[in-house]
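Beneath this line is the structure, given in structure tokens, with notes to follow.
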2 protein chains.
Amino acid sequence: MKENKKIPPATVKRLPLYLQCLDQVSDNEIGISSSKLAELAKVNDAQVRRDLSYLGTLGTRGVGYDISTLRNQLQLELGLVEGWSAVIVGIGNLGSALAHYGGFREKGFGIVGLFDDDPKKINSQVAGLVIKPLSDLEKYCEKFNVAIGIIATPGEHAQSVADKLIGCGVRSILNFAPVLLKNVPNVQIRSVDLSQELQILSYYLDRPILKAVD
Amino acid sequence: MKENKKIPPATVKRLPLYLQCLDQVSDNEIGISSSKLAELAKVNDAQVRRDLSYLGTLGTRGVGYDISTLRNQLQLELGLVEGWSAVIVGIGNLGSALAHYGGFREKGFGIVGLFDDDPKKINSQVAGLVIKPLSDLEKYCEKFNVAIGIIATPGEHAQSVADKLIGCGVRSILNFAPVLLKNVPNVQIRSVDLSQELQILSYYLDRPILKAVD
DNA sequence: TAAGTTAGTAAAATATGGAAACAATCCCTA
DNA sequence: TAGGGATTGTTTCCATATTTTACTAACTTA
């Protein structure tokens, strides 16, 4: 467990972005300046320095940041070296897509189980994993020490699935169902609602002067 | 084109949420109070009244809001009655999932075309639509007056696809590729990066005291 | 050693958002 | 028809978060 030096949420949201930007830098580059990174991430350079200063003293004045040190530190701070295990519940189209999605593994997350209660799906394979019934959830969570639950069920089942996941000791939930999940102490919940994203876009579509943020 | 009375971004983000909450209300309920809606949306009741006041004078003092009026006004403000047409580019697992996703149509968006440049995919069907090559994009955009482009390609193709979409007159882009797209005046871009969402979760996983926001 | 670069950080400026509070308005009932 | 209770619309204030500025410290190169 890390100590809780508080990093502002706005900064936390930019850390994965910085990591992504570093991947765009040519492999023979060894260092990078805050202004160059700022340009890639499309933020102010002082912002970059300030954000990175939360991770410690990483750069060298007059020189810049060593790319590999920076990458390591970002990964460390974000917990990407912990090898968190995740399960996906609800293996419809979206769940399957998430199961196949390479970006998770690439960042150090391991999908260790797929779950669905549809008898027609149980025991079939997706992305090299066998779909199991929810009754097997607890067993899996113990065996693999699952920390993250990804919910891709229809809205009406999301809350009960969330409850089950939390009951199994899962401490973080990424929710794709279009419902607002109950808040539970010590459980982190992030929701991605595809339809809401499109609705927000739609609002700004009629108002080209305004600029959507974030 | 709507006049540009400025609604704060934080409010715009809550409007689809209110709409979602209204769907949870029993059908024989005819009205709803700000406090009840606040409870469903998990926000302060003053917040609800303030947010809704941006849409005009919808409620009745001493009574509350008429649900169907409120719903209509939310849909109107969000542009959900405009019948925007959208295309999806990149019909991999995620693109297919998005094509099947019912939440879009339900909210008034019509997916009118699927595009991919993989010869193995072209002319095959997904969700009742035939996958077309990108060279057909312009034709479709004109024919259907496409306003929204959804990008679900690998990161390396996302920017060129975005350029093409914008060239075809698309004014809003929902981007699922893990790259930062170039900003273009009068084009709205929203990005959803699945891996970044998980990374943010991962940060807070090690720090149970802190609470992730938004 | 001097000039040029660049990180780290304190502090100011800005923006935003949330909560409280209250007057205005409506419904209901006696 | 008057009064009490309920609930919105809106103003105002407060708190806080975020961004930017500006400056100092430290390094590199010539």
Side-chain angles (χ1 to χ4, degrees), chain A residues 4-15 17-18 21-22 25 29-71 73-74 77 183 200 210-214, chain B residues 5-15 17-18 21-22 25 29-71 73-74 77 200 203-204 210-214:
Chain A
N4 292 326
K5 47 180 172 177
K6 185 153 161 269
I7 300 186
T11 296
V12 173
K13 284 185 74 169
R14 279 188 294 267
L15 297 184
L17 173 62
Y18 295 144
C21 291
L22 290 182
V25 178
E29 298 285 336
I30 187 166
I32 189 168
S33 66
S34 60
S35 57
K36 172 74 176 156
L37 184 51
E39 186 191 329
L40 293 173
K42 300 201 173 79
V43 297
N44 188 292
D45 59 339
Q47 182 96 265
V48 170
R49 291 199 294 280
R50 196 183 176 150
D51 285 343
L52 297 183
S53 76
Y54 286 108
L55 315 189
T57 298
L58 304 177
T60 310
R61 295 170 192 229
V63 181
Y65 299 89
D66 178 71
I67 292 179
S68 98
T69 304
L70 189 49
R71 185 182 280 119
Q73 204 58 35
L74 284 166
E77 195 72 21
N183 237 0
I200 294 170
L210 302 181
K211 201 66 190 169
V213 275
D214 165 340
Chain B
K5 48 179 171 176
K6 186 153 161 270
I7 300 186
T11 296
V12 173
K13 285 184 72 169
R14 278 188 293 267
L15 297 184
L17 173 61
Y18 295 145
C21 291
L22 289 183
V25 178
E29 299 284 335
I30 187 165
I32 189 169
S33 67
S34 60
S35 58
K36 173 72 177 162
L37 185 50
E39 186 190 328
L40 292 174
K42 300 199 174 80
V43 298
N44 187 291
D45 59 339
Q47 183 95 265
V48 170
R49 291 197 296 277
R50 199 190 168 132
D51 285 343
L52 296 184
S53 76
Y54 286 109
L55 314 190
T57 298
L58 305 177
T60 309
R61 297 174 189 225
V63 181
Y65 300 90
D66 177 72
I67 292 180
S68 97
T69 304
L70 189 49
R71 184 183 283 119
Q73 203 56 36
L74 284 166
E77 195 72 21
I200 294 170
Y203 172 85
Y204 290 104
L210 302 181
K211 201 66 190 169
V213 275
D214 165 9

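It should be emphasised that the depicted structure is a prediction, and the values quoted were computed from it without experimental measurement.
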Please identify each residue that fulfils salt bridge (charged side-chain N to carboxylate O under 4.0 Å, His left out) with [X], with sequence neighbours left out.
X: Arg71(B); answer: Asp23(B)
X: Arg49(A); answer: Asp45(A)
X: Asp66(A); answer: none

Expressed in angstrom and rounded to an integer, what is the separation of [X] atom [atom1] from [N] atom [atom2]?
X: Gln47(B); N: dT10(D); atom1: CD; atom2: C1'; answer: 14 Å
X: Asp51(A); N: dG8(C); atom1: CG; atom2: P; answer: 12 Å
X: Leu55(B); N: dT8(D); atom1: CG; atom2: P; answer: 14 Å
X: Asp66(A); N: dA7(C); atom1: CG; atom2: P; answer: 13 Å
X: Asp45(B); N: dA19(C); atom1: CG; atom2: C1'; answer: 10 Å
X: Leu70(A); N: dG8(C); atom1: CG; atom2: P; answer: 10 Å
X: Leu58(B); N: dT10(D); atom1: CG; atom2: C1'; answer: 14 Å

Measure the OH-CG distance between Tyr18(A) and Leu74(A) for me, rounded to the nearest 0.5 Å.
9.5 Å
Val25(B): which residues meet the side chain to side chain contact (heavy atoms under 4.5 Å, CB included) condition with it, sequence neighbours left out?
Glu29(B), Ile32(B), Leu40(B), Ile67(B)
List in chain and number order the residues that pass side chain to side chain contact (heavy atoms under 4.5 Å, CB included) with Gln73(A), two or more places apart in sequence or in another chain; answer none if no residue qualifies.
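Once residues adjacent in sequence are excluded, the partners of Gln73(A) under the side chain to side chain contact (heavy atoms under 4.5 Å, CB included) criterion are Leu55(A), Leu58(A), Leu76(A).
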Check each of Leu37(B), Thr11(B), Thr57(B) against Leu52(B) using the side-chain contact (heavy atoms from CB on, under 4.5 Å) test, and report the only one that passes.
Leu37(B)
Any base atoms under 4.0 Å from Leu52(A), or only sugar-phosphate, or nothing? Heavy atoms, all strands.
nothing
Just the atom pairs and distances: protein N or O near nucleotides 9-16 of chain C's N or O, under 3.5 Å.
residue	atom	partner	partner atom	Å
dA11(C)	N6	Arg50(A)	NH1	2.8

I want to check one thing: is the phosphate of [N], taken as OP1 and OP2, less than 4.0 Å away from some side-chain N or O of [X]?
X: Asn44(B); N: dA19(C); result: yes
X: Tyr65(A); N: dC27(D); result: no
X: Ser33(B); N: dT7(D); result: no

Of Gly62(B) and Thr11(A), the one whose closest DNA chain D nucleotide lies more 5'
Gly62(B)
